[in-house]
Amino acid sequence: MNDKRKIINRYEAVSVEESLRTGQRSLHASKAFQKDEIISSFAAAEERSSPTSLTLQKDDNVHIVLSPSFLQYVNHSCSPSAFFDTTLMQFVALKNIAEGEELTFFYPSAEWEMAQAFDCRCGHHNCLGTISGAAFLSTEVLQRYRLTDFIQRKLAEQKEKRA
Ligand SMILES: [Zn+2]
């Protein structure tokens, strides 16, 4: 986790960095943020009807390509520091974030069924392992996280169907 990185691009409040060891890019705070503070507003540069590894889910069959594009470097963590509010279209801090800290989000907080599942190696004690979207997680796990209005609606629909 603690490897050397170089800065690829610097923006007003964030920077895109690259691991010298793995080449993986990540987004970092270049200033401190308070819990609930807006890190960046965002918009849809493009809308797609099916997900890719770079889209964020906004609704059934609505997957957006993020603008500003540096937001594509926000990696998944099972213990995320930030959240994409796809109703207000704001990327917000879930906790106090120190300058230099990585900005991460919990993919299933926005993604119902992801294009590709992957094995998480975030290293947190509560790491969920395989991440493939909210549809594959239990309510018990999901309620530990802040979820988009879309995911909350999907969970309510699922509950109704089962009842
Ligand atoms: Zn994890």
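Because the structure is a prediction, the values reported are computed rather than measured. Order of listing sets the numbers, starting from 1, for every ligand and every atom in it. Just so it is clear, the values below take in all heavy atoms, side chains as well, and ignore hydrogens, waters and symmetry mates.
- Residues Arg5 and Glu102 are not paired through a salt bridge, judged by the lack of any N-O separation under 4.0 Å between the basic side chain and the carboxylate.
- The distance from the Zn ion (ligand 1) to the nearest N/O/S atom of His76 is not under 2.8 Å.
- Our summary of the site lists the angle at the Zn ion (ligand 1) between SG of Cys78 and SG of Cys122 as 110°, to the nearest 10 degrees.
- Contact of the Thr139 side chain with the Lys159 side chain is not registered, since no non-hydrogen atoms from C-beta on lie closer than 4.5 Å.
- Taking a cutoff of 4.0 Å between a charged side-chain nitrogen and a carboxylate oxygen, Glu157 and Lys161 do not qualify as a salt bridge.
- Backbone or side-chain N, O or S atoms of Cys127 reach the Zn ion (ligand 1) at under 2.8 Å.
- Here the shortest heavy-atom pairing between Val92 and Ile39 reads C-CD1, 3.9 Å.
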